[in-house]
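Notes for the one structure printed next.
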Amino acid sequence: MSDTGGEPEATARLQKLFEGHRLTPTQRRIAHCMVRRAADAPFLSSVELAELAGVSQPSVTRFAVALGFDGYPALRRHLRDVVPAADAPAEGDSAYNEYQQAVQVEIDNLRHLSSVLADPAPVTRAGRLLATSRPLLVLGLRAAGAQAAGFAYFARKVHPDVRLLDEGGTLLADRIDAAVRAGASTLLCFALPRHPREVVEALEYAQGQGLTVVTVADSTFAPVARHSDLLLPAAVGTGLAFDTACAPMLLGRMLLEAMCDALPDAQARLEEFDAKAAARGLFVE
């Protein structure tokens, strides 16, 4: 992995480059890959980038053209001009085995999340939205189901009405309708790749019913972005057979913290739970 000292700046420049372009799903995948490897991007060949993004080499060429360049070499020259020299890849990455590399990727993802959180306003805003929604809907299907369930488990200890949506199908819209009738104002969605079509459709439906959608996703280029009122990105690791999601999990805990800060009785509810748990002998010391 490369030294990430200047990576936040490189990431920001890449994201600015992609803004305003209508990208296909394949092109968004390439953009996402480049953002995740912002420091390395200017030094990757089109074949290497295609391999990392899981697309064809011609798709990388079409991606560069879609951004207004004559081809991928022109895009790479541009990136080398705008990315700080200090962000050049570091030597010695090959010394890591595949498991260590997966850990290093997650370390990089967490460093990037830390840089994004230098401005805490989006998380603070999300916390207020979650706290004031009664009930609060939490959506997560397939790979994101565990993130949604974990958030809902802890949120129920401080929030009076949390409703987990972890099963798709035709009943999903019915459950959104029921929550809206009960007074819900916000839906929190955890969205991880590969993104199920029904999650995108559910968010579009939720917005149509007047809900504010807060989404934790792997990228600002994720398919759920266009149906999210507030999107909080947290990258996943893709080096193993199945993606790793340390950053999305941590961001979920931060949303819990922000929600607790916005709930005046959160501490009292936690103390009440602890007292009841002790009385019941719920946990083994």
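All of these numbers come straight from a predicted model, not from anything done at the bench.
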Original post:
To the nearest 0.5 Å, how far apart are CZ in Arg163 and CG in Leu139?
Top reply: 14.5 Å
**OP:** Would you name the heavy atoms of Leu141 and Glu198 that are closest together and state the gap between them?
**Re:** CD1-CG, 3.6 Å
Subject >> Shortest non-hydrogen contact from Asn109 toward Gly237 >> reply: ND2-N, 3.6 Å
Original post:
Within the side chain of Arg28, is there an N or O that forms a donor-acceptor pair under 3.5 Å with the backbone of Leu23?
Top reply: yes
**OP:** Enter the distance from Met249:CE to Phe151:CZ here, rounded to the nearest 0.5 Å.
**Re:** 14.0 Å
Subject >> Under 3.5 Å donor-acceptor, Arg175 side chain and Leu164 backbone >> reply: yes
Original post:
Going by heavy atoms in the side chains, are Leu17 and His78 under 4.5 Å from each other?
Top reply: yes
**OP:** Report yes if some heavy atom in the side chain of Leu49 is under 4.5 Å from a heavy atom in the side chain of Arg37; otherwise report no.
**Re:** no
**OP:** Check whether any side-chain heavy atom of Leu67 lies under 4.5 Å from a side-chain heavy atom of Tyr72, and answer yes or no.
**Re:** no
Original post:
Would you say the side-chain atoms of Ser228 pair up with the backbone N or O of Val224, donor to acceptor, closer than 3.5 Å?
Top reply: yes
Original post:
Taking atom CZ of Arg134 as the centre, does the number of heavy atoms from other residues, nucleotides or ligands within less than 6.0 Å exceed 12?
Top reply: yes
Subject >> Student check: side-chain heavy atoms of Met34 and Ile30 closer than 4.5 Å >> reply: yes
**OP:** Answer yes or no: is there a donor N or O on one side and an acceptor on the other, between the side chain of Asp229 and the main chain of Val213, under 3.5 Å?
**Re:** yes
**OP:** Report yes or no: does His159 contribute a side-chain atom to a donor-acceptor pair with the main-chain N or O of Leu263 at less than 3.5 Å?
**Re:** no
Subject >> Glu106/Val103 under side-chain contact (heavy atoms from CB on, under 4.5 Å): CA gap, chis, key distance, verdict >> reply: CA-CA 5 Å; Glu106 288 292 28; Val103 172; 5.8 Å; no
**OP:** Count the heavy atoms of every other residue, nucleotide or ligand shown that sit under 6.0 Å from CG of Asp174, and state whether that count exceeds 12.
**Re:** yes
**OP:** Output yes when a side-chain donor or acceptor of Asn97 lies under 3.5 Å from a complementary backbone atom of Gln100, and no otherwise.
**Re:** yes
Original post:
side chain to side chain contact (heavy atoms under 4.5 Å, CB included) with Leu187: which of Val138, Leu165, Thr212?
Top reply: Leu165
Original post:
What pair of heavy atoms forms the shortest contact from Thr220 to Ala225, and how long is it?
Top reply: O-CB, 3.5 Å
Original post:
Given side chains that start at C-beta, do those of Leu14 and Leu79 come closer than 4.5 Å, heavy atoms only?
Top reply: yes
Original post:
When clusters are formed by joining ILVMFWY residues with side-chain heavy atoms under 4.5 Å apart, either directly or through shared neighbours, do Met259 and Tyr153 land in the same one?
Top reply: yes
Original post:
Can you name the nearest heavy-atom pair linking Gln147 to Pro248, along with the distance?
Top reply: OE1-C, 4.0 Å
Original post:
Can you tell if the side chain of Glu167 reaches within under 4.5 Å of the side chain of Leu172, non-hydrogen atoms only?
Top reply: no
Subject >> Test side-chain contact (heavy atoms from CB on, under 4.5 Å) applied to Glu257 and Arg253, step by step >> reply: CA-CA 6 Å; Glu257 186 74 11; Arg253 296 299 186 269; over 6 Å; no
**OP:** I would like to know whether Leu211 and Ile176 meet side-chain contact (heavy atoms from CB on, under 4.5 Å); could you show each step before the answer?
**Re:** CA-CA 9 Å; Leu211 291 174; Ile176 291 174; 3.9 Å; yes
Subject >> Side-chain (Arg29) to main-chain (Ala53) donor-acceptor, under 3.5 angstrom >> reply: yes
Original post:
Do Leu129 and Leu231 share a hydrophobic cluster, counting only Ile, Leu, Val, Met, Phe, Trp and Tyr and linking them when any side-chain heavy atoms are less than 4.5 Å apart?
Top reply: no
**OP:** State which residue, out of Phe69, Phe221, Phe18, fulfils the ring-ring contact (aromatic ring centres under 6.0 Å, His included) condition with Phe63.
**Re:** Phe18
Original post:
For Val236 and Leu192, what are the C-alpha separation, side-chain angles and deciding distance, and is it a side-chain contact (heavy atoms from CB on, under 4.5 Å)?
Top reply: CA-CA 8 Å; Val236 301; Leu192 300 178; 3.9 Å; yes
**OP:** For residues Ala143 and Pro193, report the shortest heavy-atom separation together with the two atoms involved.
**Re:** CB-O, 3.9 Å
Subject >> Contact check, side chains of Leu203 and Cys189, non-hydrogen atoms, under 4.5 Å >> reply: yes
Original post:
Does Gln207 CD have over 12 foreign heavy atoms under 6.0 Å away?
Top reply: yes
**OP:** Give a yes-or-no answer on whether the side chains of Ser59 and Arg62 include a donor-acceptor pair shorter than 3.5 Å.
**Re:** yes
**OP:** Give the cluster check for Leu110 versus Leu251: same hydrophobic cluster or not, with ILVMFWY residues linked at side-chain heavy-atom distances below 4.5 Å.
**Re:** yes
Original post:
Side chain of Arg142, backbone of His195: donor and acceptor closer than 3.5 Å?
Top reply: no
**OP:** Report yes or no: does Ser133 contribute a side-chain atom to a donor-acceptor pair with the main-chain N or O of Leu130 at less than 3.5 Å?
**Re:** no
Original post:
For Leu232, which of Leu188, Leu255, Thr215 qualifies under side chain to side chain contact (heavy atoms under 4.5 Å, CB included)?
Top reply: Leu255
**OP:** For residues Val214 and Thr186, determine if any side-chain heavy atom of one lies less than 4.5 Å from a side-chain heavy atom of the other.
**Re:** yes
Original post:
Any ion pair linking Glu272 and Lys276 (charged N to carboxylate O, less than 4.0 Å)?
Top reply: yes
**OP:** List the atom of Phe43, the atom of Glu48, and the distance in Å for their closest heavy-atom pair.
**Re:** O-OE1, 4.0 Å
